[in-house]
Amino acid sequence: MTITSPHLGSPSVWTDARLLYALEEVVEKELNRHLKVAKDWMPHEYVPWSDGRNFPGLFEDGEAWDKEQSKVTEIGRIALVVNLLTEDNLPSYHHEIASLFGRDGAWGTWVHRWTAEEGRHGIVMRDYLLTSRAVDPDKLEQFRMAHMSEGFESDNRHSMLHSIAYVAFQELATRISHRNTGHQSGDPVCDRMLARIATDENLHMVFYRNLLKAAFELAPDLTMQAVRDVVVNFRMPGHSIPGFERAAAQMAIGEVYNLRIHHDDVLQPVLRFLRVLEIDGLGPEGLKAQEELGLFMNGLDSEASKFDEKLAARKARMAARAAL
């Protein structure tokens, strides 16, 4: 792919390779910062092992799963499965970013470090779910096989800038989803585990957000177009999970992740931090993308308000029924 930018003194032609090279110094700086602030943690320390017992199978004393065996709420169970299955596709995610960013230099070091940190999330979540009997282990494995057998292809694999823009928002979206799942889970142990995972996701977001900031300084028009495209067409990486649409609707009602959360807690913080809608000096294409982004955000806010009203009405109906 070839892209152009008029903002480097004279017209320049960009390729993904040139962008990778131009951002290498920033990646190294952000990698060093990340390594200083990131704290290693042990997944096994967040799992209530003493609650575990055998499932049927090789063990004659195995006890069949029943949802009443766990203190996790129904919405917590749904969100935990979606979150874990999303994390399970890590091999595909690694392949995507390793192919795009490369395996050499600071880029390669980051790719492998990120993968190692993300690996902890799937480990601890699965161990927690099985030990606490929060989910049907047979169905969880069936879902995992179905989801991973489909593989994963990023919507933004065609473009370096689009990929950076996407992960800046997606890492924050994942952090918010994990954190809210913990709040809604009904289990303090689960809440602590997901808070730990959310801390990692936030650090990953900061890495990519700062990289996106550097991209705006290099090629503002092109980066603005990438951000517009990503925001307008955003979808979570777990969208191909079996039954995702139904689960996403339940998570929206359960206030784990919905339009209001997406607008207020994911898109707005990144856009505001980078002052995306305030950047001036853009060329025609960049200015057009900025205006379209602003219009989209206004429309999304209106849609979120409609959802808020429907959710409030639903809560009122449920409260009235409970009072009878």
Among all residues two or more places apart in sequence or in another chain, which pass the side-chain contact (heavy atoms from CB on, under 4.5 Å) test with [X]?
{"X": "Arg235", "answer": "Asp155, His239"}
{"X": "Lys67", "answer": "Trp65, Glu74, Arg77"}
{"X": "Asp187", "answer": "Lys71, Val72, Tyr128, Ser185, Val189, Cys190"}
{"X": "Ile261", "answer": "Ile176, Asn180, Tyr257, Asn258, Asp265"}

### Message
My understanding is that only residues two or more places apart in sequence, or in another chain, count here; which of them pass ring-ring contact (aromatic ring centres under 6.0 Å, His included) with Phe101?
### Response
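With neighbours one apart ignored, the set is Trp107.
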### Task
Kindly write out the residues that satisfy ring-ring contact (aromatic ring centres under 6.0 Å, His included) with Tyr93, not counting sequence neighbours, or none if the list is empty.
Phe152
#### Entry: Residue Glu25 excluded, over 12 heavy atoms near CD under 6.0 Å
no
Which pairs, with at least one residue in [range] and sequence neighbours excluded, count as a salt bridge (Lys or Arg N to Asp or Glu O under 4.0 Å)?
{"range": "residues 100-111", "result": "none"}
{"range": "residues 297-306", "result": "Arg260-Asp301, Glu303-Lys306"}
{"range": "residues 81-90", "result": "Asp88-Arg126"}

Side-chain donor-acceptor pairs under 3.5 Å in residues 266-279, sequence neighbours left out?
unit_1: Arg275; atom_1: NH1; unit_2: Glu278; atom_2: OE1; d: 3.2

### Query
Aromatic rings Trp110 and Phe207: how do their planes relate, parallel, tilted or perpendicular, breaks at 30° and 60°?
parallel
### Query
Taking the six-membered ring for Trp, are Trp114 and His204 parallel (under 30°), tilted (30 to 60°) or perpendicular (over 60°)?
tilted
Would you tabulate the side-chain donor-acceptor contacts of residues 316-324 under 3.5 Å, counting partners in other chains and residues two or more places apart, or write 'none'?
none

### Query
How does the hydrophobic cluster around Val37 look, that is, which other residues are in it when side-chain heavy atoms under 4.5 Å mark a link?
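Its cluster partners, ordered by chain and number, are Leu203.
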#### Entry: For the student: nearest non-hydrogen atoms of Ala215 and Leu23, plus distance
N-CD2, 4.2 Å
